[in-house]
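Take a look at the structure below.
In this text the structure is predicted, and so the values were computed from the model without any measurement. The residues of the chain are indexed from 1 along the displayed sequence. The analysis underlying the following values was restricted to heavy atoms, covering all of them including side chains, and did not include hydrogens, waters or symmetry mates.
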Amino acid sequence: MGRVSTGTSRAARPDRLITLSDGIFAIAMTLLALDVRVPPDLGSAEFHDALRETLPQLAAYALSFLIVSIFWRDQRSLLQMSATTGGIPQYLALAVLGVIALVPFPTAMLAEYGAEEPLAVAAYAGTICLVDLLHLAMFATLRVHHGVRDVGEWRDTAADLGATILVFGASVPVAFLAPHAAMWCWLALLPAKIVLGRLERSRQTAPES
């Protein structure tokens, strides 16, 4: 999302909302780690068993931290783009922050229950999908009503957000049939992002060649 530039001056940026956004993202990212712990006063065997039991929590933490970091980058870019607009884009930004503050909850469910509870997998995927849906709505509003005119940048950004929406959104119904398969589906996002990145770079370099 950092690829988009509107030429807005620093003074016009919505500093207060960006500061609020940074704070909420920082708190959410910190809360992700709170459930990763080993109980005190354990014997050697119990300690190693407890350490192994933290692996799902560490995996869920790493996944959510990566995803939330990407959301934070996208949110800052979108807020900078909406510097002089106010209205709907900034209301959508506040809605994003509301969902981001909730991310530690489905992350904890995913770490605790994983594929044993389809609803835990579906709730996590649905939360991630909702954030990108709100980001896409924010970007579309800026594109249609507030002068983000570069067609290539619009296409690349929409594809980037759409890939996450498609992968996580499609995994929600899959989770109720095969929770393990739904989580494996999330890995499809990695090659999709790589391909989209290469396509974007090729379009950017094409006029120069």
Side-chain angles (χ1 to χ4, degrees), residues 1 21 24-38 50-78 88-89 91-141 157-197:
M1 296 290 301
S21 177
I24 290 176
F25 271 91
I27 292 170
M29 294 164 88
T30 302
L31 290 175
L32 291 173
L34 291 186
D35 289 324
V36 182
R37 56 185 298 272
V38 174
L51 197 59
R52 281 191 294 272
E53 289 174 0
T54 64
L55 292 179
Q57 296 170 339
L58 287 169
Y61 162 76
L63 175 64
S64 291
F65 190 92
L66 174 62
I67 291 173
V68 172
S69 297
I70 295 170
F71 286 158
W72 169 77
R73 177 203 65 183
D74 292 352
Q75 180 87 340
R76 283 186 66 93
S77 296
L78 287 165
I88 292 176
Y91 289 127
L92 289 169
L94 290 171
V96 169
L97 296 179
V99 182
I100 289 296
L102 193 64
V103 167
F105 172 58
T107 300
M109 287 199 302
L110 184 70
E112 185 66 29
Y113 296 101
E116 297 175 4
E117 289 292 341
L119 185 58
V121 178
Y124 184 85
T127 302
I128 301 305
C129 183
L130 178 57
V131 174
D132 256 353
L133 279 169
L134 289 168
H135 273 162
L136 184 59
M138 216 176 144
F139 187 81
T141 303
T157 303
D160 182 66
L161 294 172
T164 304
I165 294 168
L166 179 62
V167 170
F168 278 92
S171 72
V172 172
V174 174
F176 291 101
L177 301 174
H180 276 108
M183 290 190 287
W184 281 109
C185 286
W186 300 342
L187 294 177
L189 195 59
L190 181 59
K193 295 282 190 178
I194 292 173
V195 170
L196 290 172

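Listed here is the closest heavy atom pair of A125 and F168: CB-O, 3.5 Å. The minimum heavy-atom distance linking V121 with A182 is given by the pair CG1-CB, 3.9 Å.
Between the CG atom in L189 and the CD1 atom in I67 there is a gap of 7.5 Å [rounded to 0.5 Å]. Of the inter-residue distances, the one linking L78 atom CG with L92 atom CG reads 10.0 Å to the nearest 0.5 angstrom. Distance CH2/W72 to CD1/I24: 14.5 Å, rounded to 0.5 Å. Distance check, rounded to the nearest 0.5 Å: OG1 of T164 to CG of L136 gives 10.5 Å.
Two residues are said to be in side-chain contact when any heavy atoms from C-beta on lie closer than 4.5 Å; Y124 and L63 meet this criterion. Contact of the V131 side chain with the Q75 side chain is not registered, since no non-hydrogen atoms from C-beta on lie closer than 4.5 Å.
Every residue two or more places apart in sequence or in another chain was checked for a side-chain contact (heavy atoms from CB on, under 4.5 Å) with L177, and none qualifies. In this structure, the side-chain contact (heavy atoms from CB on, under 4.5 Å) partners of L133, at least two apart in sequence or on a different chain, are C129, I165. Every residue meeting the side-chain contact (heavy atoms from CB on, under 4.5 Å) condition with A122, not counting sequence neighbours, appears here in chain and number order: V172, A175, F176.
Between H135 and F71, the ring planes are perpendicular. Angles over 60° get that label, and only those under 30° would be called parallel.
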- Query: Could you go step by step and tell me if L31 and L34 meet the side-chain contact (heavy atoms from CB on, under 4.5 Å) rule?
  - Reply: CA-CA 5 Å; L31 290 175; L34 291 186; 3.3 Å; yes

With a 3.5 Å cut-off and sequence neighbours excluded, list the donor-acceptor pairs that the side chains of residues 100-115 form with protein atoms.
residue	atom	partner	partner atom	Å
T107	OG1	S64	OG	2.8
T107	OG1	V103	O	2.9

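Sorted by first and then second residue, the pairs that involve residues 168-195 and meet salt bridge (Lys or Arg N to Asp or Glu O under 4.0 Å), not counting sequence neighbours, are D160-K193. Listed by first and then second residue, the salt bridge (Lys or Arg N to Asp or Glu O under 4.0 Å) pairs that reach into residues 163-173 come to none, sequence neighbours excluded.
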